[in-house]
Amino acid sequence: MSQGVHRERFRFDPTIEPRWRKFWAEQGIFRAGRRAGAERRYILEMFPYPSGDLHVGHGKNYFIGDALTRYYVMRGYDVLHPFGWDAFGLPAENAAIKTGTHPRAWTYGNIRESKSSLDIAGVMYDWDREVTTCDPDYYRWTQWLFLLLYRRGLAYRATATVNWDPVDQTVLANEQVDSSGRSWRSGALVEKRELSQWFFRITAYAERLVRDLDRLEGWPEKVKAMQRNWIGRSEGAEVEFAVSGSDDRITVFTTRPDTLFGATFLVLAPEHPLVQKLLAPEKRAAVLAYVEQARRRSEIDRQSLDREKTGVALGATCVNPVNGAEVPIWIADYVLMGYGTGAIMAVPAHDQRDFEFARANGLPIRTVIVPRGESAPPEPEAAFAEDGVMVGSGAYDGQENRAAGKAITQSLEERGLGRPRVTYRLRDWLVSRQRYWGAPIPMLHREDGTVVPVRETDLPVVLPEIEDYLPRGKSPLASSEEFVRAVDPETGAEVRRDTDTMDTFVDSSWYFLRYADARNDRMIWSSDAIRRWMPVDQYIGGVEHAILHLLYSRFITKVLYDEGLVPEDEPFRALFTQGMVQRRVTTPLETRPEGLLAPESLQKALGLPADPLSVPEMRARLRAESHALVEANGTWAAQSGPITMSKSAGNGVPMGPFVREHGSDVARITLLFAAPPENDMEWSDEGVGGAERFLNRIVTLFGDDGAAIARLREAGAATSADLAEDERPLHRRLHATIKKVTEDTEAFAFNTAIAALMELLNDAQRYRANHPEPTALSAEVAWTMCRLLAPFAPHLAEELHAWFGGAGSVFDAGWPVWSEQALLEEAIEIAVQVNGKVRDRLVVPRDTAEADLRERALASEKVRELVGDRSVRKVIVVPGRLVNVVA
RNA sequence: GCCGGAGUGGCGGAACUGGCAGACGCGCCGGACUCAAAAUCCGGUACGGGCAACCGUGUGUGGGUUCGAGUCCCACCUCCGGCACCA
């Protein structure tokens with residue numbers, strides 16, 4: 001039997017995988033605390049909502065964390081890599097409404113299913129620390145946290161205009177409404193409602209939240225920028241205007257106190273509390289009509305940019321504190337009650353919005369800043385918003401405007417009419433939800449309208465069993481009289497429980513802390529445990545949480561820090577945002593004699609006609625909807641662009657069947673090799689084939705040499721001194737690969753780490769063509785490769801490790817170390833350039849001196865030929881790289 | 001409008017602090033094995049020209065710095081993401 005035929009027996013066989021998973025679990029290799037004395041590393045992927053079946057898109061996220069975990073385990077760290085479930089939320093409730101299953105049963109069923117998917121995928125976690133947010137042992141502490149915030153004055157109840165999702169029938173936080181005014185979950189246009197709700201005072205932490213972003217060096221710039229945008233810090237001043245003929249004062253916020261002399265009117269938001277008081281009797285009807293109209297107008301309308309600016313005068317005036325000028329007060333809906341003070345001073349000459357409003361309403365425009373060296377603004381038909389020199393501003397004339405602004409603010413402050421002020425766009429976090437499947441808010445309402453917290457010893461406030469989950473604009477919990485009736489812990493009187501539940505983002509804003517001590521039933525966690533594990537060294541998740549979850553988690557962590565419960569005030573030292581896995585959706589078209597017909601679902605989705613279309617027509621229509629018309633063996637189909645894999649799009653490749661057919665290792669290599677992990681990637685069957693070939697080639701190369709490799713390995717590693725001349729390149733490649741894989745893995749460059757392993761494999765395969773029998777060098781390559789492979793193809797690595805006679809697990813075998821000496825290959829190739837273009841190459845010893853290189857380059861026939869009779873003006877020598885001859 | 005990021009072969013993508021552009025893989029082309037196919041193996045593959053060795057061009061566009069630019073500087077274009085009547 002020839003070698004070649006023999007080798008063909010060996011192929012990568014996915015059925016070996018379950019055995020190794022069992023082995024890892026039994027050995028407890030991924031249990032935190034296994035190396036109690038070692039340096040710790042906390043690696044965490046964002047926990048998911050348990051939606052049941054996992055697809056390979058989820059897989060990518062978990063494989064990244066798994067690869068990192070395995071790498072650090074091999075490096076000898078004590079690694080915490082836990083998992084849990086963000087298990088409260090609307091899908092469970094909606095399923096209950098639809099099918100009658102209890103949300104609890106539905107959720108735990110999904111958790112079981114998801115967990116088994118993860119197990120099949122071979123992703124290893126420390127399951128001893130699993131958390132489930134809908135478990136009373138967990139939400140008890142979510143409620144405890146609510147009480148903590150309440151005690152610190154950070155949870156309060158207020159009546160405010162809030163976002164109402166008409167589809168999910170609940171209120172939403174600002175972060176949960178996108179810029180086009182739609183709910184993050186349901187996609188419905190939100191409405192405004194005046195409601196009394198619970199808020200968390202995140203604005204009290206606005207300054208720290210924005211300032212501390214600078215300390216987060218391990219975070220992507222992009223995410224930090226998004227948080228900065230969201231918090232919207234803006235420096236300026238408050239200025240007080242006295243209302244003429246009254247004791248009232250209107251406080252405005254401005255970022256441009258330098259333009260105060262140019263303020264020709266004031267504008268209040270229609271909801272401003274002084275509106276009712278200040279309006280002149282003869283204006284009453286017009287003003288109230290306008291207020292009513294503004295109230296009705298949807299958020300979208302109100303924010304659309306090119307709308308004509310509307311407003312009405314109140315009929316009152318006030319006094320400009322710097323020049324005593326009497327200026328009229330207007331209301332307009334371009335001024336928002338929720339930002340600053342809900343009132344502005346309008347400076348039409350220097351603010352485009354005020355300019356438009358002034359033009360539309362015939363109000364005066366007064367220039368107070370001009371470009372240096374000019375006497376008027378350059379553009380008479382627009383506001384001049386740039387910096388310049390003060391004019392028409394009394395004592396400040398001639399000054400540079402920024403300096404003048406500071407001086408004006410200071411002078412106002414001395415007179416008690418203004419002060420520097422920082423404003424934030426960020427609003428307080430609305431946490432009440434009128435839904436069933438969430439943590440009940442642990443507060444009690446007294447008859448007199450005051451509230452009292454549930455006693456800590458009475459936690460958890462357990463979700464009651466109810467009959468009807470249908471949202472009716474009021475929490476379903478209210479239907480349980482048994483739940484609602486409670487006793488006042490202070491007076492013993494009868495009180496009513498709050499019937500709202502908490503936003504699920506509250507549940508997820510602290511789960512990473514609970515992992516430190518997940519089974520503690522006496523306190524939220526012990527101080528030893530939290531000190532051992534926090535902060536998270538590496539957090540991994542989707543960029544869609546850049547603001548929502550990540551901002552809330554930072555806030556809660558800071559509160560807990562202030563309370564002395566966590567050792568650091570930032571939860572995540574480094575953040576990695578992975579890209580999504582996408583897949584095109586192909587929908588077959590029906591071929592009719594008259595042309596092609598799309599199925600009804602597609603007609604609806606793309607707005608196609610119900611009648612058949614000709615091929616060119618169909619192509620054009622599809623193209624307009626970013627679809628392609630494709631044809632295969634006479635059948636036509638519409639193909640979408642790449643769409644992120646999801647349950648709703650129905651384009652997920654389920655993990656279970658894939659892993660059964662190809663194995664977890666193939667899935668890993670496919671996902672990690674295809675592109676840098678931060679990029680979105682398109683899933684393709686060709687990629688799967690490439691991954692499978694790679695693993696098969698490894699098996700084929702080493703397949704039947706296990707015993708020989710084990711023997712040679714024990715005899716010791718190959719050192720440069722023992723190597724034959726033709727072995728040096730492979731030896732060097734081996735050490736270069738160790739270095740590359742090590743550095744790339746730490747930098748999340750898994751694609752290039754795997755590419756380096758492929759290069760090593762290619763070289764090893766070529767080497768074998770000349771050395772059919774295993775050698776000391778090939779044994780070293782095999783042994784090293786199996787360990788370098790372990791983070792990315794752990795099952796195969798473990799199998800190889802056993803074949804090569806390794807004891808125990810490959811994850812306890814240590815990470816390979818490269819030798820700098822081996823990297824210094826003695827013969828190197830030097831490029832020879834003439835005028836910057838490569839014209840020749842020299843093979844020289846590594847330590848060839850500069851002068852030698854220069855001489856040899858000039859001696860090159862090619863160079864002499866190209867230089868001809870010109871004189872050599874300059875020769876640049878970069879040792880180890882190239883020589884450039886300038887002629 | 002403001003902020004952040006990205007433009008490299010047919011495709012995904014490589015390229016350390018300025019130093020041989022296109023690693024690795026996919027796809028495609030050719031060959032070996034096979035009755036044949038699949039699988040596997042070997043070779044080729046930026047573009048244009050030439051039988052060829054070779055020559056020319058080439059990293060979104062236009063300039064610049066430099067012996068040398070995908071990489072640095074200036075001005076633009078396009079795409080993606082966030083914020084946006086936020087005073």
Side-chain angles (χ1 to χ4, degrees), chain A residues 4 7-8 11 178-179 220-234 236 252-256 259 267 269 302-307 309 332-336 338-347 350-354 356-357 385 423-426 543-544 546-547 577 669-670 673-676 678-682 684-694 696-697 700 740 743 749 751-762 765-766 769 829-841 873-887:
Chain A
R7 283 213 162 74
E8 276 181 22
R11 290 183 59 79
D178 69 17
S179 58
E221 209 40 61
K222 169 176 156 156
V223 173
K224 289 194 277 187
M226 283 165 75
Q227 292 212 356
R228 268 187 211 107
N229 272 339
W230 186 260
I231 297 167
R233 182 180 196 277
S234 146
V252 303
F253 172 70
T254 178
T255 54
R256 296 293 303 276
T259 62
V267 188
R302 204 169 153 168
Q303 285 181 358
S304 87
L305 273 123
D306 31 52
R307 226 183 75 233
K309 298 227 174 336
D333 63 6
Y334 79 93
V335 175
L336 310 173
Y339 183 80
T341 59
I344 63 160
M345 63 180 213
V347 186
H350 305 290
D351 181 284
Q352 191 58 29
R353 295 156 302 182
D354 297 344
E356 285 165 24
F357 189 81
T423 317
Y424 305 89
R425 208 189 70 96
L426 183 71
V543 75
E544 68 274 15
I547 294 170
T577 52
I669 298 290
T670 307
F673 175 68
E678 66 272 24
N679 287 17
D680 286 345
M681 62 166 282
E682 194 178 334
S684 84
D685 294 342
E686 283 84 26
V688 175
E692 208 152 28
R693 258 192 296 282
F694 170 56
N696 278 333
R697 283 171 59 210
T700 311
K740 177 93 178 135
E743 290 173 352
N751 57 327
T752 49
I754 293 168
L757 288 168
M758 289 175 172
E759 289 185 72
L760 176 61
L761 175 64
N762 290 343
Q765 214 163 30
R766 257 174 296 228
E829 205 182 60
I830 298 279
V832 179
Q833 300 181 331
V834 176
N835 292 332
K837 294 198 173 167
V838 181
R839 299 297 185 177
D840 201 4
R841 285 156 211 286
R873 286 191 296 161
K874 201 167 175 184
V875 181
I876 287 115
V877 181
V878 184
R881 291 208 179 264
L882 57 69
V883 180
N884 188 11
V885 179
V886 186

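Just so we're on the same page: letters track the sequence lines, and every chain starts at 1.
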Provide the closest heavy-atom pair for [X] versus [Y] in the form atom of the first, atom of the second, distance.
{"X": "A:Val335", "Y": "A:Val267", "result": "CG2-CG1, 3.6 Å"}
{"X": "A:Phe253", "Y": "A:Gly340", "result": "CB-CA, 4.3 Å"}
{"X": "A:Gln227", "Y": "A:Ala546", "result": "NE2-O, 2.8 Å"}
{"X": "A:Ala674", "Y": "A:Met681", "result": "CB-CE, 3.6 Å"}
{"X": "A:Met345", "Y": "A:Arg256", "result": "CE-O, 3.7 Å"}
{"X": "A:Asn835", "Y": "A:Asn884", "result": "N-OD1, 3.5 Å"}

## Note on the structure
Its dot-bracket string being built from Watson-Crick and G-U pairs below 3.5 Å, with | for another strand and [ ] for crossing, RNA chain B has the pattern (((((((..(((......[....)))((((((.......))))))((((....))))..(((((..]....))))))))))))....
Rounded to the nearest angstrom, tell me the gap between atom [atom1] in [X] and atom [atom2] in [N].
{"X": "A:Ile876", "N": "B:rC20", "atom1": "CD1", "atom2": "C1'", "answer": "15 Å"}
{"X": "A:Asn762", "N": "B:rC26", "atom1": "CG", "atom2": "P", "answer": "10 Å"}
{"X": "A:Asp178", "N": "B:rG82", "atom1": "CG", "atom2": "C1'", "answer": "12 Å"}
{"X": "A:Ile344", "N": "B:rC85", "atom1": "CD1", "atom2": "C1'", "answer": "9 Å"}
{"X": "A:Ile754", "N": "B:rG12", "atom1": "CD1", "atom2": "P", "answer": "19 Å"}
{"X": "A:Glu356", "N": "B:rA87", "atom1": "CD", "atom2": "C1'", "answer": "14 Å"}
{"X": "A:Met758", "N": "B:rG13", "atom1": "CE", "atom2": "P", "answer": "15 Å"}
{"X": "A:Asp351", "N": "B:rC2", "atom1": "CG", "atom2": "P", "answer": "15 Å"}

### Query
Ignoring hydrogens and angles, are the base of B:rC67 and the side chain of A:Asn884 linked by a donor-acceptor pair under 3.5 Å?
yes
### A:Arg697, nearest nucleotide to its side chain (from B:rC41, B:rC85, B:rG19)
B:rC41
### Message
Closest approach to the side chain of A:Arg425, judged atom by atom: which nucleotide of B:rC83, B:rA87, B:rG13 is it?
### Response
B:rC83
Quantified in whole Å, what is the [atom1] atom distance between nucleotide [N] and nucleotide [M]?
{"N": "B:rG13", "M": "B:rA21", "atom1": "C1'", "value": "13 Å"}
{"N": "B:rG68", "M": "B:rU61", "atom1": "C1'", "value": "22 Å"}
{"N": "B:rA23", "M": "B:rA46", "atom1": "P", "value": "8 Å"}
{"N": "B:rU66", "M": "B:rG48", "atom1": "P", "value": "35 Å"}
{"N": "B:rG7", "M": "B:rG70", "atom1": "P", "value": "14 Å"}
{"N": "B:rA84", "M": "B:rC76", "atom1": "P", "value": "27 Å"}
{"N": "B:rG56", "M": "B:rG50", "atom1": "C1'", "value": "12 Å"}
{"N": "B:rG60", "M": "B:rC67", "atom1": "P", "value": "24 Å"}

For [X], answer base if it contacts any base atom (sugar-phosphate contacts may also be present), sugar-phosphate if it contacts only those atoms, and nothing otherwise; contact means non-hydrogen atoms under 4.0 Å.
{"X": "A:Arg766", "answer": "nothing"}
{"X": "A:Pro676", "answer": "sugar-phosphate"}
{"X": "A:Arg839", "answer": "sugar-phosphate"}
{"X": "A:Gly690", "answer": "sugar-phosphate"}

## Note on the structure
Contact string for nucleotides 27-34 of chain B, one letter per nucleotide 5' to 3', B = base within protein heavy-atom range under 4.0 Å, S = sugar-phosphate only, - = neither, reads S-------
### Query
Can you name the side chain to side chain donor-acceptor pair (under 3.5 Å) partners of A:Glu678, sequence neighbours left out?
none
### With A:Ile669, the side-chain contact (heavy atoms from CB on, under 4.5 Å) member among A:Val688, A:Ile754, A:Leu757
A:Ile754
### Query
Nearest 0.5 Å, what's the OH-OG1 distance between A:Tyr339 and A:Thr423?
5.0 Å
### Query
Is the phosphate of B:rA87, meaning OP1 or OP2, less than 4.0 Å from a side-chain N or O of A:Ser234?
yes
### Message
It should be established whether A:Arg228 places a side-chain nitrogen or oxygen under 4.0 Å from OP1 or OP2 of nucleotide B:rC3.
### Response
no
### Task
Could you tell me which residues satisfy salt bridge (Lys or Arg N to Asp or Glu O under 4.0 Å) with A:Asp351, sequence neighbours excluded, listed by chain and number?
A:Arg353
### Task
Report the residues that fulfil salt bridge (Lys or Arg N to Asp or Glu O under 4.0 Å) with A:Arg425, sequence neighbours left out, ordered by chain and then residue number.
none
Could you list all N or O pairs between the protein and nucleotides 4-11 of chain B that sit under 3.5 Å apart?
none

Partners of [X] by side-chain contact (heavy atoms from CB on, under 4.5 Å), sequence neighbours excluded?
{"X": "A:Glu544", "answer": "A:Met580"}
{"X": "A:Glu686", "answer": "A:Ser684"}
{"X": "A:Asp840", "answer": "A:Val832, A:Ser860, A:Lys862"}
{"X": "A:Ala831", "answer": "A:Val838, A:Leu882"}

## Note on the structure
Heavy-atom nearest nucleotide on RNA chain B taken for A:Gly232 and for A:Asn679; more 5' hit belongs to A:Asn679
## Note on the structure
Per the glycosidic torsion and the 90° limit around 0, nucleotide B:rG9 is syn
Between N or O atoms, less than 3.5 Å apart, protein on one side and nucleotides 21-23 of chain B on the other: list the pairs.
unit_1	atom_1	unit_2	atom_2	d
B:rA23	O2'	A:Glu759	OE1	3.1
B:rA23	O2'	A:Glu759	OE2	3.2

### Which residues share a ring-ring contact (aromatic ring centres under 6.0 Å, His included) with A:Phe357, sequence neighbours left out
A:Phe265, A:Trp330, A:Tyr334
